[in-house]
Each structure stands twice: as structure tokens, then as C-alpha cells.
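These notes concern the structure reproduced below.
Throughout, a chain's letter reflects where its sequence line sits, starting with A, and its residues are numbered from 1.
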Amino acid sequence: MTIEHKKDFVRETIKKDLKEGKFNYVNTRFPPEPNGYLHIGHAKAICLNFEIAKEFNGKCNLRFDDTNPTKEEQKYIDAIKEDIKWLGFDWEDREYYASNYFDKLYEYAELLIKKGKAYVCDLSPEQIKQYRGTLTEPGVPSPYRDRTIEENLKLFREMKQGLYSDGSKVLRAKIDMSSPNLNLRDPVMYRILKKSHPRTGNKWCIYPTYDWAHGQSDSIEGITHSICTLEFEDHRPLYDWFIEQLGIHHPRQIEFARLNLTYTVMSKRILLELVKRKIVKDWDDPRMPTISGMRRRGYTPQAIRNFASAIGVSKADNTVEFEYLEHFVREDLNKKAPRVMAVLNPIKVIIDNYPEGIVEELEAVNNPEDSSAGKRKVPFSKVIYIENDDFMEKPMPKFYRLTVGSEVRLRYAYFIKCESVVKDKNGNIVEIHCTYDPQTKGGDAPDRRKVKSTLHWVSAKHAIEAEVRLFDKLFLTENPLKTGEGKNFLDNLNPDSLKIIYNCKLEPSLANAKPFDIFQFERVGYFCVDKDSTSEKLVFNRTVTLKDDWQKIKSKLIN
RNA sequence: UGGGGAAUAGCCAAAUGGCAAGGCAACGGGUUUUGGUCCCGUGACUGGAGGUUCGAAUCCUCCUUCCCCAGCCA
């Protein structure tokens, strides 16, 4: 069997390693820090790591990088696991934690001390910063740099025992204070943090830094390819140094460019801030670029995976258009979502020549893209609702929906012709009066006359009501982080990112819709049932609109 | 003005010295009981300047621009 590999520099590198015998198996890993929810950028990394493992007949581990108990929480661990599973990936029994390796890491640290390659430093954080030098000036060695091995060992053990206060001492690697690579200027390996850890409780009061823990964790797990983002490229010499000093398994690190999306922020820090400031309801607010937000919004795992695959992977900084993601959402939903009729902004239509008290059950196709989806009946009667936008008293050019004197088709029902409108005392249209042609039942005219458009509708008597939440971009600008002097991303928020409409009229077949069910509201968009929805009060989220040429034509006419 | 990366169409991205893939967007047209879907068509001399070569996006030289690094964050 030949495996067809996608061509990108990561896969090419792995293929080469296998061919040259650098490794004879592939083991990747996805290493999230449980300090927030996963977002679409993580999805890119998840897809990359799990799919590569699969393609090369290898494994992908899940490992939580839980080295900083001041920021990490169990609830994030739970959410991360749920999101990865939902995306469709399986780490089987390989659920690991950097904290699993705390003993081993401690042992390694003592080993480095004994080799004279690490020392306990009493400098304050501010002093360490000063001694480090700058981008253009070399650093200055710490006065504690030449402590004896015995003293270092004693001090480090005392740190572990809790004899010193937070911040008073650290363990540092002894590398090169004048290295042009700042990461090699005696980086901190351990800090004192008298803080309980979600997994190790109060066992430790010293915690390894990411730079110290990460590479060794990969090594311990026998990872062959440590795929990470570009900003770690200049940490690689440090990771190599640790591994070489320790003489342990040496994974190959491959760096790729992280995903940026227009109109969205991908920083967990800022996402947390949006949650804390209650700008969004929570991490799973459908406007959030989080995986859980997208799930709640109605995006499918397949759409996200197709997107991740389509954007590819490279080392060039990139900002993908948000519309590209939406394209894959529509593409997947077009195949899967049952069609229904729902009127978001209803206006009443009375069919004057239709008999009072009669109800017809008309046949409607559930999904023209999927014949196995079958058909259903939709009730029709004298009074119906249509979309407010589908009527114009003074039609603009190219408007070929309903207007006084025009004839349109009601989907699956009849041709109707508008005769007149009734207005209230403020001049607002409250009723549209039409006549129908009984010959056109089902939507075709026996005389083959054509009609310029087809409208969706809901029988007034049979309509069920729902709340519908219309989401729009959270930010107004393509790069929300790019702001003028004295401003920040909050100034770029879209005040209209959520519009709620309450009296939408839905066809009765929707009465039993359950949370996360997805539908296409014909001619409007894709919608899914929100988790707030109950049988008494249905709540829908707009996942994404349908592509809308009429909007384009309209905006061109206006400009 | 230290170190590490990156430059191919509006966006993403192929190409591995041999006539510059593909997707999205945009634009034009066809089909259509969703102004949806679907189908057809339209766009590049590869950041710049030199050089090597029969031949360069690919190799060499110089230049320009952008991104990352001075946490006891990851």
C-alpha cells in the first residue's frame, strides 16, 4: 500500500528522516498549556500533529504542559480534552502531563548541577533582567555563577524543601552570558512557587520553567518530531544543549508559522480578557474563535479540518481571510444541513382569494443535495408570513421579489400576486394583500409562465416562535491588535457583533429541534439550536449566512 | 545598529535548475422552485539589482521589507 502524503515542508522533513534512518518510527505530540480554551490556531496544530502521526503510521500524544500552577486549572484540562475529541482525534491511552515528569526533571537538574552546568542564583528578577544585557550588549555573569557544586546541590535541595521564599532563588543553566542568543544567557530552570498544583497538589514548591521542561518531556516520551510554532526557533539551541548535556533521546524540532485570521484575535491572554470583561458570555460564546465557540456556533469538525488542511503549513507569516474558514463551513453544511423555512423578520401576507379555514399539507424536499434526506409536509393556509426584506413598495432596480403588481412563487406552494398593502397610521406596512393562482400548486404553472423569484414563507396559524441570535464579527478591523496611539483592541470591538431577534416564525417541523441540530433556513443561512434552547423557548444561532448575490448587487447600486 | 526566521496574485499555497499547480475572493456567463448549490470562463514572469547557466521562483552576491527574542509565561 502506498501512502499518499501531502506535500509540505514538515512532512517532507519527516519523510527524509525516515529514509535516512534518523528515526524508524514517528511519534508527534500536541502539548497545550491548560491555561485557557483551545482556539482555531490550536486546531491547526492538532490536525497537523494527529494527521501526520496517522499518515506515517505513528502515534500522537496529548501532553499537558502544566508547569505553571499560577495559571493552570483543571477546568481547562477538561475543556481541552473535549475539544480535541470533538474534532475527531484520539490520543488513546497517551494522556500525559509534564507534571508526570517532575521527579525525573528534578533528577536531571541535579545531574546538571553535578556536571557544573547549573547553579542556584540569588539575584532578584529585576537583577536577572539587568544582568542579562540587551539585544546588542552581552550580559554580565551573576555573582552566584561560580558557587561550588556542593553548595549548589545543598541550596537546590533546600529550595525543594521549601526553605526559601517565592522569588528569592532560582536554578539557572550555566551556558553563556554573552551569547547573541538571549535564550542561552543562563536561562532559569526552576523557580520557587509555593502554590498547589492541579495534579501534584502540594508536593512541590519549585516548578520547572517551560524551557527546561518541554524538551526533556518530549525526549522522555520518545517523541521523534516536536512540531511547534516559529517563536521557539531560537529556543532550539537551548533545547539541544539540555538534551546533549543529559545525553538523552533527541527529537527533531520543526517550527511552522502560527495561524492568524482576519478580524480575530488568537491570543489566549486577550481571549481570557474578553471573557473576564464580559464582552462575551464565556469561552464558548459563538463569537469566540475557540473550538468550543465554533462548536456552539454550528461549525462542524469536518469543516474545521478541511480548513486546516487547505491553509497548509509553511514558515511564512500569514493571515488567512475569515471568509476562507466560512467557505469550508458552508461547503460542509450544504451537504449535511436539512432545509427548512423560517422567517426571521416576519411581515403578514393575506391571500384574499384563498379559502378561510382550509389547511393544505404541501410536500417539501429536505435536502436537494442529499436525496436520502427525504421529504416532509409543510402546512399552508390563508395567512402567512414572509421575510420583510422580500417586499419593497418602491422596488429598486434588479429587485425581483414581491412588490405591488408583481408575481412570485411561494416555495413548494403557489404563485401569488401582490394586489395592495395596508399601512398603520405611521405609514408602516402591516399587511400585504395578495391573490394566488390555484393552478400553480406545488410551484409550477401549467402555462409555463415564469416568475422571477421564489420566497420562503411560514403559515401564520402553524408557525412556532423562536429567538434567533445573529452573530457578526467580534472586531471591526482586520487586525484588531493594530491600533492607534493610546488605544487598544477594545477600541476595535464591533458593537453589533450580536443581534437578538425574538419573534421569528418557524415552520412547525422545527418544534422538536435539539441543541446542536443544524439546519439551513432556506434563502437565509445555516442555523443551529443553541444549548440555551428549551422545548418552551427555541433558540437558534446563526452559524453563517448563505452567500448572497442580492446583497452584493444592492451595495453596488448604493455606491 | 546582536541573534533567529520569512518574502510567489487581494488571501492561503505548490514548484526540489526545464515552458509559474490548486483553493478562496473578485469579475463575466449558464443551469436552477433557495439571488443557495452546481457548471463554464477571466488573473503571475515569483520583494529589488547584479551574476552563474543552453535554461533560474529554485544556485551565488549585494540590497530592501516584514516577523520573533531582553518573563522566575508558554
Between [M] and [N] - [atom1] atom distance, rounded Å:
N	M	atom1	value
C45(B)	G41(B)	C1'	23 Å
A7(B)	C12(B)	P	12 Å
C66(B)	U61(B)	C1'	22 Å
U8(B)	A14(B)	C1'	10 Å
A9(B)	G47(B)	P	7 Å
C27(B)	U65(B)	C1'	31 Å
U46(B)	C59(B)	P	15 Å
C19(B)	U58(B)	P	14 Å

So if I apply the ring-ring contact (aromatic ring centres under 6.0 Å, His included) rule between W457(A) and each of F380(A), F391(A), Y412(A), which one comes out positive?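 By the ring-ring contact (aromatic ring centres under 6.0 Å, His included) criterion, W457(A) pairs with just one of F380(A), F391(A), Y412(A): F380(A).
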Testing F156(A), Y207(A), W204(A) one by one against Y190(A) for a ring-ring contact (aromatic ring centres under 6.0 Å, His included), which residue passes? F156(A)
Can you see whether [X] engages [Y] through a side-chain donor-acceptor pair at a distance of less than 3.5 angstrom?
X	Y	answer
H225(A)	R252(A)	no
Y414(A)	E360(A)	yes
S219(A)	Q216(A)	no
T70(A)	N68(A)	yes
N35(A)	E33(A)	yes
D186(A)	Y119(A)	yes
Y96(A)	E221(A)	no
D332(A)	Q302(A)	no

So [X], base contact, sugar-phosphate only, or nothing? Heavy-atom distance under 4.0 Å.
X	value
R339(A)	base
F256(A)	nothing
P368(A)	base
Q520(A)	base

Charged N to carboxylate O below 4.0 Å: is that the case for R542(A) and D472(A)?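 Salt bridge: no.
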Taking NZ, NE, NH1 and NH2 as the nitrogens, is one of them in E507(A) or R376(A) under 4.0 Å from a carboxylate oxygen of the other?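 Yes, this pair counts.
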In whole angstrom, what separates [X]'s [atom1] from [N]'s [atom2]?
X	N	atom1	atom2	result
W457(A)	U34(B)	CH2	C1'	14 Å
E12(A)	A14(B)	CD	C1'	11 Å
D548(A)	U37(B)	CG	P	10 Å
R401(A)	U34(B)	CZ	P	13 Å
F322(A)	C11(B)	CZ	P	19 Å
N367(A)	G36(B)	CG	P	16 Å
E326(A)	C11(B)	CD	P	19 Å

Pairing nucleotide - [N], Watson-Crick or G-U, each distance under 3.5 Å:
N	value
C66(B)	G5(B)
C19(B)	none
U61(B)	A49(B)
A14(B)	none
G41(B)	C27(B)

Summarise how protein sits on nucleotides 19-31 of chain B as a single string, 5' to 3': B when a protein heavy atom is under 4.0 Å from the base, S for sugar-phosphate-only contact, - for no contact. ----BBSSS----
Nucleotide by nucleotide, nucleotides 63-74 of chain B touches protein heavy atoms under 4.0 Å in the pattern (B base, S sugar-phosphate only, - none) ----SBBBSBSB
Of V524(A) and F9(A), the one whose closest nucleotide on RNA chain B sits nearer the 5' end is F9(A)
N334(A) vs A316(A), nearer the 5' end of RNA chain B by closest nucleotide: A316(A)
Assign the ring pair Y239(A) / H235(A) to parallel, tilted or perpendicular, where the plane angle (0 to 90°) is split at 30° and 60°.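 Rings of Y239(A) and H235(A): tilted, as their planes differ by 30° to 60°.
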Any residue in residues 259-266 of chain A with a heavy atom nearer than 4.0 angstrom to RNA chain B? Just list them by number, or reply none. none
Between G35(B), C12(B), G2(B), which nucleotide gets closest to the side-chain atoms of T136(A)?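 Nearest listed nucleotide: G2(B).
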Just checking, K160(A) and Y106(A): is the charged tip under 6.0 Å from the six-membered ring centre and within 45° of the axis?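 The answer is yes, since K160(A) meets both limits relative to Y106(A).
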Can you tell me whether the base of G30(B) sits syn or anti, using the 90° cut around 0 to define syn?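 With its glycosidic angle more than 90° from zero, G30(B) counts as anti.
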